[in-house]
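Only heavy atoms go into these numbers, but all of them, side chains included; no hydrogens, no water, no symmetry mates. On a predicted model such as this, the values are computed, not experimentally measured, just so you know.
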Amino acid sequence: MTEANAPVTQDVLTIPRKLPETGKVNLVGLTREQLRDALIEAGTPEKQAKMRLGQVWQWIYYWGVRDFAQMTNLSKDYRALLTEKFEIGLPEIVTRQVSEDGTRKYLLRIAGGHEVETVYIPEEGRGTLCVSSQVGCTLTCTFCHTGTQKLVRNLTAGEIVGQVLVARDDLGEWPEPGQPKPEERLVSNVVLMGMGEPLYNFDNVRDAMQVVMDGEGISLSRRRITLSTSGVVPMIARAAEEIGCLLAISFHATTNETRDKLVPINKKWNIAELLQALRDYPRLSNSERITFEYVMLKGVNDSDDDARRLVKLIRGIPAKINLIPFNEWPGAPYQRSDWERIEAFADIIYKAGYASPIRTPRGEDIMAACGQLKSATERARKSKAQIAAEAGL
């Protein structure tokens with residue numbers, strides 16, 4: 001990787017654990033084309049491949065079946081073949097915590113013994129699943145707990161899709177044969193805002209979202225999926241073309257000096273470069289606004305001048321600004337802005353013509369709120385002074 005396109009990243013820490021060798025191919029996360037090829041390679045006659053693909057796909061992603069023996073419209077011999085060659089493997093739930101507000105946080109173990117966190121947030125009329133794309137994170141955003149954990153590895157497409165399936169299993173959100181399909185969806189939205197930078201794991205994120213959006217399975221519309229990036233500028237247009245979901249930007253500052261500290265990727269692609277990529281974003285329209293995420297840090301980025309600069313910077317971009325009260329974590333080098341300050345900041349943005357909702361912190365009591373995710377096995381505590389020093393404060 002050349003200096004020009006190398007990510008702003010920590011030293012990668014690889015935890016050596018031998019992956020299990022079952023000899024079986026996990027079907028979860030394979031795209032339609034990949035699944036068809038796998039079935040043919042396993043001995044499915046090519047003339048039958050399209051039909052078999054549709055049947056297996058529906059069993060896994062529409063009915064939520066985990067056992068080939070239950071795929072009753074397939075012959076016993078074909079079910080035996082599938083059992084011999086394949087598996088339907090999901091991440092293992094290590095812990096499941098439920099917040100007082102109903103938020104659920106899952107600590108999931110994936111291949112190699114690594115762990116990631118996934119969060120389900122129920123709201124009136126919708127339910128949002130916050131999905132991780134990496135174990136740890138390549139970035140070192142200083143306000144984010146996940147950013148104090150080194151990158152271990154990218155998640156596979158199957159491990160990303162697997163988080164959606166685990167949550168739907170836990171919520172009991174699969175139709176029952178003979179029963180009408182429930183009209184209200186418990187997992188109605190997916191946000192790629194968990195652990196990791198999705199655009200540094202682009203291929204796996206793209207393939208996973210193809211599976212999640214497929215109309216014959218989980219069937220979430222692309223407008224129900226939001227990808228959050230810290231600003232990997234060269235990948236933004238590609239995300240629009242190959243994934244097509246909504247876009248959120250971890251913005252958090254209105255000057256390069258402050259953003260360099262809060263979101264170090266800014267040293268590589270600064271505010272002007274990022275905003276130009278957003279203005280060129282192929283799906284940019286009033287109906288598909290870009291969301292700017294802005295964490296409110298006391299005395300750092302929360303002044304009236306910051307609010308006015310923010311409005312000026314994003315002028316001409318159909319956008320909404322999500323103001324996020326800082327969710328504190330042990331050793332955090334920042335404090336949450338006072339509520340009056342957040343409201344004053346929001347008022348300036350609102351009067352400039354932008355929606356400026358203040359995100360209600362959810363799941364704080366179980367460390368499930370925005371910026372708090374960090375898998376338990378990697379949660380080694382650093383001293384406040386050490387974290388502050390690393391943040392350049």
Side-chain angles (χ1 to χ4, degrees), residues 8-11 13 95 97 99-101 103 105 107 115-119 121 130 132 134-152 191 193-197 228 230-231 248-255 257-267 292-303 306 322-343 345 358-393:
V8 176
T9 179
Q10 301 162 323
D11 293 332
L13 171 71
T95 61
Q97 294 173 274
S99 168
E100 291 175 357
D101 62 24
T103 298
K105 182 171 77 168
L107 178 64
E115 293 171 353
V116 294
E117 289 183 334
T118 305
V119 175
I121 305 165
C130 184
S132 293
Q134 295 179 312
V135 185
C137 188
T138 48
L139 306 176
T140 53
C141 301
T142 54
F143 58 87
C144 180
H145 200 204
T146 314
T148 65
Q149 173 181 332
K150 292 179 184 295
L151 174 71
V152 180
V191 293
M193 295 182 186
M195 298 165 64
E197 165 55 68
S228 175
S230 293
I249 303 296
S250 282
F251 202 62
H252 309 308
T254 60
T255 67
E257 181 184 8
T258 302
R259 198 166 190 265
D260 283 352
K261 285 185 179 178
L262 297 180
V263 189
I265 198 174
N266 195 70
K267 297 171 187 174
F292 285 81
E293 297 164 318
Y294 198 96
V295 66
M296 300 298 294
L297 303 171
K298 188 173 185 176
V300 176
N301 64 354
D302 62 352
S303 69
D306 281 306
N322 263 355
L323 299 180
I324 306 168
F326 176 57
N327 299 306
E328 297 192 20
W329 37 271
Y334 302 106
Q335 291 178 294
R336 176 181 293 180
S337 300
D338 297 333
W339 197 252
E340 295 77 13
R341 179 90 300 270
I342 296 174
E343 288 183 328
F345 194 101
I358 300 169
R359 187 185 294 174
T360 305
R362 299 292 301 269
E364 283 187 293
D365 55 319
I366 56 170
M367 289 284 285
C370 182
Q372 289 185 323
L373 300 190
K374 185 169 183 182
S375 63
T377 52
E378 314 295 341
R379 208 188 287 273
R381 300 295 190 205
K382 296 184 182 181
S383 71
K384 191 161 185 173
Q386 188 181 355
I387 293 169
E390 289 177 5
L393 301 173

Euclidean distance, Phe326 CZ relative to Tyr334 OH, rounded to 0.5 Å
8.5 Å

Checking Asp306 now: which residues fulfil side chain to side chain donor-acceptor pair (under 3.5 Å) with it, not counting sequence neighbours?
Thr254, Ser303, Arg309

Enter the distance from Ile358:CD1 to Ile324:CD1 here, rounded to the nearest 0.5 Å.
11.5 Å

Mind checking side-chain contact (heavy atoms from CB on, under 4.5 Å) for Ala253 and listing every partner two or more places apart, or none if nothing turns up?
Thr258, Arg259, Leu262

Taking only residues two or more places apart in sequence, or in another chain, which ones meet Thr95 in a side chain to side chain donor-acceptor pair (under 3.5 Å)?
none

Scanning both residues in full, the closest heavy-atom pair of Gln134 with Gly196 reads OE1-CA, 3.3 Å

Please identify each residue that fulfils side-chain contact (heavy atoms from CB on, under 4.5 Å) with Asp260, with sequence neighbours left out.
Asn266, Lys267

Would you compute the distance between atom CG of Asn327 and atom CZ of Arg336 and round it to the nearest 0.5 angstrom?
5.5 Å

Between Asp338 (side chain) and Glu340 (backbone), is there a donor-acceptor pair under 3.5 Å?
no

Residue pair Gly194 / Cys130: nearest heavy atoms and the distance that separates them
N-SG, 3.5 Å

Does Phe345 form a side-chain contact (heavy atoms from CB on, under 4.5 Å) with Ile342? I'd like the steps, not just the answer.
CA-CA 5 Å; Phe345 194 101; Ile342 296 174; 5.6 Å; no

NE2 of His252 to CG of Leu297: how many Å apart, nearest 0.5 Å?
8.5 Å

Rounded to the nearest 0.5 Å, what separation is found between the CD atom of Glu343 and the CE atom of Met296?
10.5 Å

Once rounded to the nearest 0.5 Å, what's the spacing between atom CD of Glu117 and atom NZ of Lys105?
4.0 Å

Side chain to side chain donor-acceptor pair (under 3.5 Å) involving Ser230 - partner list, sequence neighbours excluded
none

Could you report the tightest heavy-atom contact between Val263 and Ser250, atom names first, then the distance?
CG2-O, 4.3 Å

